[in-house]
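Just so it is clear: chains get the letters A, B, ... in the order the sequence lines come, proteins before strands, and each one is counted from 1.
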Protein chains: 2
Amino acid sequence: MHDDDIANTMRALGHPVRLEILRILATQQQGQCCCADVTDSLTLAQSTVSQHIKVLLDAGLIERKPHGTRNRYCLRHDKLAELNSAFGGLLKGLAPVAANKETEQA
Amino acid sequence: MHDDDIANTMRALGHPVRLEILRILATQQQGQCCCADVTDSLTLAQSTVSQHIKVLLDAGLIERKPHGTRNRYCLRHDKLAELNSAFGGLLKGLAPVAANKETEQA
DNA sequence: CCGGTTGATCGGTGAATTACGATGGAAAAT
DNA sequence: ATTTTCCATCGTAATTCACCGATCAACCGG
């Protein structure tokens, strides 16, 4: 994961509504989460929610599964894990050099 | 750390130049990092760099120490750690419900 | 078919972001 | 004291973002 990708993902996470959407998706069991559900727990217009969803989609953080008249969304836990490790790597890279140099072996 | 704070910090991290600035600050030993150093390893105008620095400053990710004619910047490792735990908590909250213990009620 | 529902996408508006050069003020060097 | 260096800030243009209402394709139930 490169800087640009990380920054991109971070920006996708950089909005409280989008964080909330992720949480909503997490609380529903996978497969039950359609756009309408998200919309009416969010006091935002449907188009706005759809747009936020698109951002998360583009960032690869969630997945769309068309299912008849409703679309289902769910978290992409693989991406989340990837992001987690990338984020860990980022923070590790920012750690003080003095702390790294002795405990550097594997 | 609330959603808004997390989102705010994430947005601060949501730009490759700012990630790069953090990395630059990390590689210099603490206290040696003035704005000019950052600027000329970045092919951006000084004012632009200063603005990015301000964003990081406002997010609390870095610290300014005026020092004569030069300002010194350094990472705020405490904030970074805080962010790390907040991020971990976020991801944990997004983990599949099945993986969460039932002792979730606090 | 026809009407109802879902939800992505389009068009528009106002605010925020990103970039730049220019300005100004404060310390350091002369 | 004058000049030089550093750099935060201002002003500004271009771009993107967040939000909305409206629209339209697709699907399902009659």
Between B:Y73 and B:L57, does a side chain to side chain contact (heavy atoms under 4.5 Å, CB included) hold up when you go through it step by step? CA-CA 9 Å; B:Y73 291 96; B:L57 224 35; 4.1 Å; yes
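- Atom CG of B:L83 sits about 13.5 Å away from atom NE2 of B:H77, to the nearest 0.5 Å.
- Across the interface with DNA chain D, nearest-nucleotide mapping of A:Q51 and A:H67 shows A:Q51 to be the residue nearer the 5′ end.
- At a threshold of 4.5 Å between non-hydrogen side-chain atoms, the residues B:N71 and B:H67 do not count as touching.
- Applying the side-chain contact (heavy atoms from CB on, under 4.5 Å) rule to A:A81 yields no partners; only residues at least two apart in sequence or on another chain are considered.
- The structure places CD of A:Q51 at 11.0 Å from CG of A:L44, a figure rounded to the nearest 0.5 Å.
- Among residues two or more places apart in sequence or in another chain, the side-chain contact (heavy atoms from CB on, under 4.5 Å) test is passed with A:N84 by B:F87, B:L91.
- For A:I53 and C:dA8, the CD1 to C1' distance is 10 Å, given to the nearest whole Å.
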Side-chain atoms of residues 9-25 of chain A: list all donor-acceptor pairs with protein atoms under 3.5 Å, sequence neighbours left out, distances to 0.1 Å.
unit_1, atom_1, unit_2, atom_2, d
A:T9, OG1, A:D5, O, 2.9
A:R11, NH1, B:G14, O, 3.2
A:R11, NH2, A:N8, OD1, 3.2
A:H15, ND1, A:V17, N, 3.1
A:R18, NE, A:A12, O, 2.6
A:R18, NH1, A:H52, ND1, 3.0
A:R18, NH2, A:R11, O, 3.2
A:R23, NH1, B:D3, OD1, 2.8
A:R23, NH1, B:D3, OD2, 3.0
A:R23, NH2, B:D3, OD1, 2.9

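- A:T39 places a side-chain N or O within 3.5 Å of a backbone atom of A:C35 that can act as its donor or acceptor partner.
- Of the inter-residue distances, the one linking A:C33 atom SG with A:I62 atom CD1 reads 8.5 Å to the nearest 0.5 angstrom.
- From the 5' end on, the contacts that DNA chain D makes with chain B at under 4.0 Å to a non-hydrogen atom open and close at D:dT5 to D:dT9.
- Residues satisfying the salt bridge (charged side-chain N to carboxylate O under 4.0 Å, His left out) criterion with A:R70, sequence neighbours excluded, are absent altogether.
- In this structure, CG of A:N71 is placed 13 Å from C1' of C:dT5, rounded to the nearest angstrom.
- Residues forming a side-chain contact (heavy atoms from CB on, under 4.5 Å) with A:D37 (at least two apart in sequence, or on another chain): A:C34.
- Taking CG of A:L61 as the reference point, atom CD1 of A:I53 lies at 12.5 Å (rounded to 0.5 Å).
- Side-chain atoms of A:K65 and A:C74, non-hydrogen and from C-beta on, do get closer than 4.5 Å to each other.
- Annotated stems with DNA chain D as a participant read C:4-27 with D:4-27, given as range with range, by first number; only runs of 3 or more Watson-Crick or G-U pairs under 3.5 Å qualify.
- Within a heavy-atom distance below 4.0 Å of DNA chain D, the residues of residues 36-50 of chain B found are B:A36, B:Q46, B:S47, B:S50.
- Residues satisfying the salt bridge (charged side-chain N to carboxylate O under 4.0 Å, His left out) criterion with B:D4, sequence neighbours excluded, are absent altogether.
- A heavy atom lying under 4.0 Å from DNA chain D marks none of the residues of residues 1-18 of chain B.
- Within residues 55-64 of chain B, no residue is approached by DNA chain C to less than 4.0 Å at the level of any non-hydrogen atom.
- Every residue two or more places apart in sequence or in another chain that forms a side-chain contact (heavy atoms from CB on, under 4.5 Å) with B:K79 is listed here: B:R76, B:E82.
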